Amino acid sequence: MTEHTNADRYNGTWVVLPTYNEAENLAGISVAILHALPGATLLVVDDSSPDGTGQLADRLASQDARVMVRHRAYKEGLGKAYIEGFGVALDAGAAYVVQMDADWSHAPDYLPALMAAIEDGADLVIGSRYTRGGGVRDWGFGRRIVSRGGSLFARIVLRLRPHDLTGGFKAWRRAALEAVAWERVHSGGYVFQIETTYLATRAGATVREVPIVFKDREVGTSKMSKSIIVEALMVVLQLRWDELRGRGPSASMIRTGHEG
Ligand SMILES: Nc1nc2c(ncn2[C@@H]2O[C@H](COP(=O)(O)OP(=O)(O)OP(=O)(O)O)[C@@H](O)[C@H]2O)c(=O)[nH]1
Ligand SMILES: [Mg+2]
């Protein structure tokens, strides 16, 4: 049994944080993330935000060796940013990878709870609004219906167990990330979260939910739109359709061994 100093705790864990115009949130959220997971690496993936988030990230990186930055030339949506960030983390040897939003919707206080479930053997942990103890704050009726309805729809159509399939606060064991058939991902915003949990599940990952209370962004503007919702519904139906016609992802069981 090795002694952990607090500073080493969560060594090998990478937190991938995609940003687009989060200059008002980035400094604070970075401190909070590294306070929650002191030995972790924080990778900011910025799509050339016009508000200077990328330069701010560079400054943070120059002040703290745990912070890294990946600059992307164009805004290509959350999914693409995540795929690139996951690749960087895996190439660097990450044992665990966390994904979360930079707008304080995903409270960094929950990070140790997500990591505890991973350390307990889960391959993928979902910070879940729709499991006992979870919830949402500051959302109107419409947004609640869309989010809950979207999760329920995907859950039924794709026959998945988790209750929150649209949330983006997740922790991955390396083997689970490696098992996802990334070439099948449509890479959109909202639907990316459904697809990755679906693909991990079909690859044999053990998925667990940990309750979180989700807070709406206070700074910046919301990007939710009708077209995003329609895209999500269509993609979910397409995934099931492909499966029924024998064109689903191959059931490559992952062998994690839970060596942890
Ligand atoms: N790199 C990158 N990050 C993005 C992009 N779109 C969104 N993000 C980031 O992804 C995270 C989630 O995006 P949000 O805009 O909060 O999406 P949301 O939570 O569905 O919508 P609201 O919070 O209601 O605006 C935030 O950290 C954003 O800054 C993108 O195209 N590229
Ligand atoms: Mg948000």
Side-chain angles (χ1 to χ4, degrees), residues 14-33 42-58 60-61 67-89 97-108 110-111 126-130 135-151 154 164-170 185-196 212-232 235:
W14 283 57
V15 178
V16 178
L17 194 71
T19 55
Y20 191 77
N21 288 346
E22 301 288 2
E24 286 165 284
N25 292 317
L26 182 62
I29 198 86
S30 303
V31 168
I33 289 168
L42 172 63
L43 175 64
V44 178
V45 183
D46 184 72
D47 282 8
S48 300
S49 299
D51 76 345
T53 303
Q55 291 89 302
L56 170 60
D58 285 335
L60 298 173
V67 180
M68 317 267 263
V69 191
R70 189 78 174 191
H71 297 280
R72 307 182 76 248
Y74 304 104
K75 174 167 169 53
E76 284 189 291
L78 184 82
K80 287 253 162 57
Y82 267 130
I83 290 174
E84 186 161 338
F86 292 158
V88 171
V97 178
V98 175
Q99 57 168 96
M100 64 191 288
D101 294 354
D103 63 359
W104 293 101
S105 295
H106 301 149
Y110 293 118
L111 285 166
I126 298 174
S128 177
R129 297 161 292 186
Y130 308 130
V136 288
R137 267 177 49 190
D138 315 318
W139 268 11
F141 185 68
R143 186 95 197 241
R144 277 172 201 264
I145 288 293
V146 166
S147 171
R148 244 214 134 108
S151 279
D164 191 343
L165 291 164
T166 55
F169 195 9
K170 305 183 193 173
V185 172
H186 292 72
S187 300
Y190 195 64
V191 73
F192 177 79
Q193 310 301 350
I194 300 173
E195 284 190 291
T196 57
I212 64 157
V213 175
F214 178 98
K215 277 180 33 180
D216 209 0
R217 70 160 61 246
E218 279 154 23
V219 183
T221 47
S222 177
K223 293 132 195 145
M224 182 56 70
S225 70
K226 249 189 210 131
S227 63
I228 292 173
I229 298 164
V230 171
E231 181 202 20
V235 170

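None of these values were measured; they are calculated from a predicted model. Numbering of ligands and ligand atoms starts at 1, following listing order.
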At a 4.0 Å cut-off, with the gap strictly under it, does some heavy atom of Gln193 reach an atom of ligand 1?
no

Heavy-atom closest contact (Asp164 atom, Ser128 atom, distance):
CB-OG, 3.3 Å

Does any N or O of ligand 1 fall below 3.5 Å from an N or O anywhere on Phe214, backbone included?
no

Does even one non-hydrogen atom of Ser105 get within less than 4.0 Å of ligand 1?
no

Please confirm if an N, O or S atom belonging to Asp103, backbone or side chain, lies less than 2.8 Å from the Mg ion (ligand 2).
yes

Within this structure, what is the CD-OH distance for the pair Gln99 and Tyr82, rounded to the nearest 0.5 Å?
4.5 Å

For the 3.5 Å polar cut-off, considering only N or O atoms, please tell me whether Asp103 and ligand 1 meet it.
yes

Would you mind listing which atoms of ligand 1 come within a distance below 4.0 Å of any non-hydrogen atom of Ala81?
1 (N), 2 (C)

Under 3.5 Å between some N or O of ligand 1 and some N or O of Ala102?
yes

Minimal non-hydrogen separation, Ala102 against Ile29, with atom names
O-CG2, 4.0 Å

What part of Lys215, side chain from CB on, backbone N/CA/C/O, both or neither, has a heavy atom under 4.0 Å from ligand 1?
neither

Side chain, backbone, both or neither: which part of Val45 has a heavy atom under 4.0 Å from ligand 1?
backbone

From the options Lys75, Gln99, Arg217, select the one whose nearest heavy atom is closest to atom 16 (O) of ligand 1.
Arg217

Minimum distance, heavy atoms only, to atom 29 (O) of ligand 1: which one of Glu84, Glu22, Lys80 is it?
Glu22

Salt bridge or not between Arg217 and Glu24? Use side-chain N to carboxylate O under 4.0 Å.
no

Evaluate the ring planes of His106 and Phe169, with Trp represented by its six-membered ring, and classify them as parallel (under 30°), tilted (30 to 60°) or perpendicular (over 60°).
parallel

Between Ala81 and Asp47, which heavy-atom pair has the shortest distance, and what is it?
CB-OD1, 4.3 Å

